[in-house]
Each structure stands twice: as C-alpha cells, then as structure tokens.
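Presented below is the structure to which this report refers.
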Amino acid sequence: MKCRDYVFGLTSGQWEDAAWPTRLASGLHRAMCVRCRRFSANDARLLALAARYRGWLTGEDASPPA
C-alpha cells in the first residue's frame with residue numbers, strides 16, 4: 001500500500017467499511033511508515049479538537065477549546 005492510498009482511506013473514512021485484508025494492509029503500512037503514523041496521530045488530534053469546538057458552539061461545553 002502506498003502512503004497516498006493510506007491517507008485517502010483514512011481521510012475519507014473508508015477503513016471502517018473495508019474488508020479485513022484492506023484493514024490489515026492499512027494497519028501494516030501504518031506500523032511501518034513513520035509519516036503515516038504521524039499523519040494518523042495529527043488527524044486524530046484535529047478530529048478531537050473539531051468535536052470540542054462543535055460542543056462549544058452548541059453550548060454543551062462551557063469553555064472554548066484551547
């Protein structure tokens with residue numbers, strides 16, 4: 001699997017619905033590729049920050065995200 005295939009699958013949400021061989025290939029690629037591990041960690045942080053911001057906008061969270 002190439003990095004661009006991994007990043008596209010991660011950002012488009014394809015890994016949740018993919019067959020097990022594809023998920024296995026993506027997991028092996030992430031285990032071997034430093035750049036894709038960093039991208040995955042950054043993507044998770046951005047998703048968490050966006051969720052906190054949405055919570056603040058809807059009034060569920062009293063403090064604004066840092």
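FYI, the numbering just counts along the sequence from 1.
- Applying the ring-ring contact (aromatic ring centres under 6.0 Å, His included) definition to pairs two or more places apart or across chains, none involves residues 30-52.
- Legend: side chain to side chain donor-acceptor pair (under 3.5 Å) pairs involving residues 13-33, not counting sequence neighbours, sorted by first then second residue: Y6-R30.
- Alongside F8, the hydrophobic cluster contains no other residue (criterion: ILVMFWY side chains under 4.5 Å).
- A search for side chain to side chain contact (heavy atoms under 4.5 Å, CB included) contacts involving R38 returns V34, not counting sequence neighbours.
- To the nearest 0.5 angstrom, D43 atom CG is 7.5 Å from T11 atom OG1.
- Applying the side chain to side chain contact (heavy atoms under 4.5 Å, CB included) rule to R35 yields the partners C33; only residues at least two apart in sequence or on another chain are considered.
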